[in-house]
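Values below: every heavy atom of this structure, side chains too, minus hydrogens, waters and symmetry copies. Throughout, a chain's letter reflects where its sequence line sits, starting with A, and its residues are numbered from 1.
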Amino acid sequence: MAQRVEPGSRTDERYDPKEIESRWRARWEESGLYRTNLRDDSRPKYYNLMEFPYPSAEGLHVGHVYTYSGADTNGRFRRMQGYNVFEPMGFDAFGIHSENYALKQGINPMDLTARTVRRYRDEQMVRLGCMWDWSHEVNTSQPDYYRWTQWLFLQMYRAGLAVRKSAPVNWCPSCLTVLANEQVINGRCERCDTEVVQKEMVQWFFKITEYADRLLDDLEKLDWPEISKRLQRNWIGRSEGAELVFEVADTGEPIPVFTTRPDTVFGATYVVLAPEHPLVERITTPEQREAVEAYQQKVSYEKEIERLSLEKEKTGVFTGAYAVNPANGERVPIWIADYVLMTYGTGAIMAVPAHDERDHEFARKFGLPIVEVIESEGGVSEHAYTGPGTMKRSGRFDGTPSEEGKRAVTEWLESRGLGKRAVTYRLRDWLISRQRYWGPPIPIVYCERDGEVPVPEDQLPVVLPHVEDFRPTGTGKSPLATVEEFYKATCPRCGGPAVRETDVSDTFLDSSWYYLRYPSTEFDDRPFDPELTRKWLPVDSYMGGKEHIVLHHLYSRFVTKVLHDLGYLDFDEPFQHLRLHGIITYQGAKMSKSRGNVINPDEYIARYGADTLRTYLLFMGPYEEDNDFQDTAVAGVSRFLGRLYALVDSRHEHGGGPGTDMRQMHQTIGRVTHELDNLRYHTAIAALMEMSNWITSVRDDMTSEQQEDALRTLALMLAPIAPFTGEELWHRLGGEYSVHNQRWPEYDPAALGKSAVTIVVQVNGKVRDRFEVRPGTPEDEAVRLAHESPRVSPYLDGRTVRKIVWVPDRLLNLVVG
RNA sequence: GCCGAAGUGGUGGAAUGGCAGACACGCUCGCCUCAAAAGCGAGUGGAGGUGACUCCGUGUGGGUUCGAAUCCCACCUUCGGCACCA
């Protein structure tokens, strides 16, 4: 540790962030400054959560530093406001990203991850100056954590929400595993950008769709940015309509179809099944069988991305079979086409070409009849009419407005047992199994006698073994399927021979509950302690990036709701208050390794110190918007911190003046408090810069007490943003350790009372003069002053004042004509 | 195609109905220096004027208003999300 600085002495040293930061880091550590007493009831609690990183090759990214700078500044601000702040950190250490890094290095992820985590934490993260309480660190890849991830799986299983079923799933040919729907972005793998293919496979799913309505409705009660609510709403994609039953002609076999336009059922001139629809096999006529099977073959080879392409012309094949339109009894042909998806609705549609663009295009291509049943002006020969209107050619419903017809037609068909109201969602069940090594084994065994049996809770964890060959196999099975010591098991129920499930679970399951674990890391006999959980959750502030809205945030809400329903939690939303920071671009583009425009935070910390990087990141622009990183501006922030240091260091050569108006200081306190409350960090920092400029310019007029007061206030307000420099300045000003335990400064409202206000004088809305007057100056006096002003009077000469706009203490506008 | 956000000096941005450009970056000039760096000081939207000043100016066009960067309508551009969801 460097020499102690005695308060009061002028050192004439330059601002040396490296020395300052390492000295205070050691002092904070040794005094346990950031260890939170979770059982302290004397202050209101504040659970300050921020996204934890997954350790990978690249090291800590500047995006992480951005998240943490903003979240930590908020945590420190709340701490100074009197909250007992809990700010934990951990590692999302399981998962494909960490595993792919290990594969590239050829080192078992179990060995490599431990090293990577140490590097992240001890070489990078500790330097950032965040008030993390490392005594509650979690690492999702450790048995003491994933044991409870497996426990969570078992709760899902018991509740009937974890099911093993065959379904069309997304397979990534590069990662050699299946993916959840949320992990496919525009037909590509979220991790590696490879095009995914569709496969029918038996997999484990969590039935998140059963919670679709609650996930949708409860968004209302959350303090979240609108964009994240909108994205979740879109993703859940609730759609109201009806399920109508068409029957196969002759056999009478029902074909339920989902439609949002039951009012157009009289215009349904054909039915389309998804190519994978189970009915296709049974209804296809011998003449059509060859064509149908060829088409099914072709579609099954198609990549998701090709199938979704809109440019593509519609294709399809007639099955040879007919169905009966339940509204008018007409026979309509049954086709199969890939524009109908097996995974949405019932996998079958009634096609109404007159009033649906897609059906229209298909009907025109294959010469199917187009029957207009909603009155339209332009007709429907060229384009479908999809708007509302009056029903026609619809029997008893002719003349009914379409909106009313939706309900009426559904009720009419329902009375005949051929329909009912229905709701469909875009959201699909969460596919959680992965054919990979680096994750928690799914705690299920398969017994010859008892079938699928959950591992009893007291036998958890099912330990992930350290294996030689951890490479993904590509066979649709995890590498664990080749490890006999692992998969050979005895049935927990009958004791007979059994095999373990060898798939591991999705990384997003690990992170779906980690916020529940942080307060309870001391317990190894329960995932989360009821008492601590009741006290500390839900989370008071959660900070992260936009990329997790339909992944991590949605899954966490689902898991919380399930645990609530099972009686483990008394709340059903994990993150009451969520804020999303913007993306940092560099040279105008998103940072990426391939572009070679990645900012390495280590270099900036080494050169300028963590405080400068933190302060710069927050100063760039509005925290919740995207910002471009500019190297030159970083140096400017470093100079600002250096100026503050010099300001404090040279204070004994100044002050001792007759005293000055301290209103500026009180205004700054008010401004900074308000800006920090709203995450407007860039304007908070600007206000601190203005205050520093103000002190510099008037310090010789200040009394010594005033100067001291101003500098201390400045140090206090700097502390949440630049914690090292704030601490150092506070210490040099003789403040007691630590600045981070001080109360946030309050402004004196009386000191804000203005002795004079500036009135802006406009003529016809153009500013012509401004003058200082006492607050509360009446209108007539202001008007008189305006007429006397040589800068205003020329514009009034020879004209009549038609109107006077008077905003007390602010503005006078004279309208002349 | 649909939904959303945003367009302000050379640059990042401030101002959400009332003084456009706070605060910075950059640049110019000056001080310091043998010189440079650092630091400090002054200036810095555009055009005009010796000058006090004047006019213009927040993507484009229109509107509301005493007054619009801010509200409304149309369009253009950029970014983001979704995309055959019946």
Exercise. So, the side chain of A:Ser697 versus the backbone of A:Trp694: is there a donor-acceptor pair under 3.5 Å, distance only?
Worked result: yes
Seminar exercise, completed: Comparing nearest nucleotides in RNA chain B, the 5'-proximal residue of the pair A:Tyr344, A:Asp626 is A:Asp626
Problem set entry | Candidate nucleotides B:rG13, B:rC84, B:rC66, ranked by approach to the side chain of A:Asp338 - the nearest | B:rC84
For this session: Quote, to the nearest angstrom, the C1' distance that separates B:rU50 from B:rG41.
Result: 26 Å
Exercise. Quantified in whole Å, what is the P atom distance between nucleotide B:rU28 and nucleotide B:rU78?
Worked result: 34 Å
Seminar exercise, completed: Looking only at B:rA20, B:rG18, B:rC66, the nucleotide nearest the A:Lys803 side chain is B:rC66
For this session: Would you please name every residue forming a salt bridge (charged side-chain N to carboxylate O under 4.0 Å, His left out) with A:Lys365, sequence neighbours left out?
Result: A:Glu313
Exercise. Between B:rA86 and A:Ser239, is there an OP1 or OP2 to side-chain N/O distance shorter than 4.0 Å?
Worked result: yes
Exercise. With a cut-off of 6.0 Å (strictly less than), are more than 12 heavy atoms of other residues, nucleotides or ligands near CZ of A:Arg233?
Worked result: yes
Exercise. B:rC19, B:rG18, B:rA86: which one has an atom nearest the side-chain heavy atoms of A:Val805?
Worked result: B:rG18
Problem set entry | Pairing residues for A:Arg230 by the side-chain contact (heavy atoms from CB on, under 4.5 Å) criterion, not counting sequence neighbours | A:Ile227, A:Asn234
For this session: Decide salt bridge (charged side-chain N to carboxylate O under 4.0 Å, His left out) for A:Arg188 and A:Glu195; before the verdict, give the C-alpha distance in whole Å, the side-chain angles of both, and the deciding distance to 0.1 Å.
Result: CA-CA 4 Å; A:Arg188 293 172 180 278; A:Glu195 288 179 21; 3.6 Å; yes
Exercise. If you measure from the C1' atom in B:rG46 to the same atom in B:rU65, how many Å do you get, rounded?
Worked result: 28 Å
For this session: Can you run down the salt bridge (charged side-chain N to carboxylate O under 4.0 Å, His left out) pairs that involve residues 612-638 of chain A, sequence neighbours left out, and say none if there aren't any?
Result: A:Asp72-A:Arg614, A:Lys546-A:Asp626
Exercise. With rounding to whole Å, what would you report as the distance between B:rA20 and B:rU58 at their C1' atoms?
Worked result: 7 Å
Exercise. What residue pairs, at least two apart or across chains, pass salt bridge (charged side-chain N to carboxylate O under 4.0 Å, His left out) with a residue in residues 674-692 of chain A?
Worked result: A:Arg78-A:Asp677, A:Arg671-A:Glu690
For this session: Would you kindly compare A:Ile685 and A:Met620 by the position of their nearest RNA chain B nucleotide and give the one closer to the 5′ end?
Result: A:Met620
What pairs of donor and acceptor atoms, side-chain ones from residues 264-273 of chain A against any protein atom, are under 3.5 angstrom apart with sequence neighbours left out?
| residue | atom | partner | partner atom | Å |
| --- | --- | --- | --- | --- |
| A:Thr264 | OG1 | A:Arg261 | O | 2.8 |
| A:Thr269 | OG1 | A:Pro369 | O | 2.8 |
| A:Tyr270 | OH | A:Asp359 | O | 3.0 |

Exercise. Given the rule that a pair is Watson-Crick or G-U wobble with both distances under 3.5 Å, how would you write RNA chain B in dot-bracket, using | for pairs to a different strand?
Worked result: (((((((..(((.....[....)))((((((.......))))))((((....))))..(((((..]....))))))))))))....
For this session: Could you tell me the separation between the CG atom of A:Asn627 and the OH atom of A:Tyr586, rounded to the nearest 0.5 Å?
Result: 15.0 Å
Exercise. Should the pair A:Arg768 and A:Tyr795 be classed as cation-pi, given the thresholds of under 6.0 Å to the six-membered ring centre and 45° from the axis?
Worked result: yes
Problem set entry | Nearest to side-chain heavy atoms of A:Leu231, which nucleotide of B:rC82, B:rC66, B:rG81 | B:rG81
Exercise. Do the rings of A:His360 and A:His383 sit parallel, tilted or perpendicular, given the 30° and 60° boundaries?
Worked result: parallel
Problem set entry | Spacing of the P atoms in B:rG9 and B:rA69 (rounded, Å) | 14 Å
For this session: Return the set of residues passing ring-ring contact (aromatic ring centres under 6.0 Å, His included) with A:Phe205 (not counting sequence neighbours), or none when no residue passes.
Result: none
For this session: Sticking with atom P, work out how far B:rG59 lies from B:rG7, rounded to a whole angstrom.
Result: 8 Å
Exercise. Among pairs that include at least one residue of residues 806-817 of chain A, which meet salt bridge (charged side-chain N to carboxylate O under 4.0 Å, His left out), considering only residues two or more places apart or in two chains?
Worked result: none
Exercise. Between A:Glu240 (CD) and B:rA86 (P), how many Å, whole number?
Worked result: 12 Å
Exercise. Expressed as a whole number of Å, how far does the P atom of B:rG21 sit from that of B:rC53?
Worked result: 16 Å
Exercise. Looking at the side chain of A:His682, which of B:rA14, B:rC82, B:rA86 is the nearest nucleotide?
Worked result: B:rA14
Problem set entry | Rounded distance in Å between the P positions of B:rU8 and B:rC71 | 16 Å
For this session: Just say parallel, tilted or perpendicular for the rings of A:Tyr66 and A:His581, cut-offs at 30° and 60°.
Result: perpendicular
Exercise. NA contact type, A:Asn813, heavy-atom cut-off 4.0 Å: base, sugar-phosphate, or nothing?
Worked result: base
Exercise. In terms of side-chain heavy atoms of A:Arg14, which of B:rC55, B:rC66, B:rA38 is nearest?
Worked result: B:rA38
Problem set entry | Plane angle bin for A:Phe362 and A:Tyr339 - parallel if under 30°, tilted between 30 and 60°, otherwise perpendicular | tilted
With the criterion being N/O to N/O and under 3.5 Å, what pairs connect the protein with nucleotides 24-26 of chain B, and how long is each?
| residue | atom | partner | partner atom | Å |
| --- | --- | --- | --- | --- |
| B:rA24 | OP1 | A:Asn693 | ND2 | 2.7 |
| B:rC25 | OP1 | A:Arg639 | NH2 | 3.0 |
| B:rC25 | O2' | A:Thr632 | OG1 | 2.9 |
| B:rG26 | OP2 | A:Arg639 | NH2 | 3.1 |

For this session: Have a look at A:Lys766 and say if it touches a base, only the backbone sugar-phosphate, or nothing, with a 4.0 Å heavy-atom cut-off.
Result: sugar-phosphate
Table of protein N/O atoms under 3.5 Å from nucleotides 46-49 of chain B N/O atoms:
none

Exercise. Given the rule in the salt bridge (charged side-chain N to carboxylate O under 4.0 Å, His left out) test, do A:Arg364 and A:Glu361 qualify, once you have shown the distances and angles that lead to the verdict?
Worked result: CA-CA 5 Å; A:Arg364 294 242 298 182; A:Glu361 191 195 327; over 6 Å; no
Exercise. So is A:Arg428 actually on top of A:Trp235's ring, under 6.0 Å and inside 45° of the axis?
Worked result: no
Please list, pair by pair, any protein nitrogen or oxygen found under 3.5 Å from a nitrogen or oxygen in nucleotides 50-53 of chain B.
| residue | atom | partner | partner atom | Å |
| --- | --- | --- | --- | --- |
| B:rC53 | OP1 | A:Arg791 | NH1 | 3.3 |

Seminar exercise, completed: Per atom distances to the A:Ala686 side chain, the nearest of B:rG81, B:rC23, B:rC19 is B:rC23
For this session: Assert yes or no for the condition that the ring centre distance of A:Phe629 to A:Tyr604 is strictly below 6.0 Å.
Result: yes
Seminar exercise, completed: Side-chain contact check for A:Arg680: nearest option of B:rA15, B:rA86, B:rG18 is B:rA15
Provide a list of protein-nucleic acid N or O atom pairs under 3.5 angstrom, restricted to nucleotides 4-8 of chain B.
| residue | atom | partner | partner atom | Å |
| --- | --- | --- | --- | --- |
| B:rG4 | O2' | A:Arg230 | NH2 | 2.6 |

Problem set entry | Glycosidic class, syn or anti, of B:rG26 using a 90° window around 0 | anti
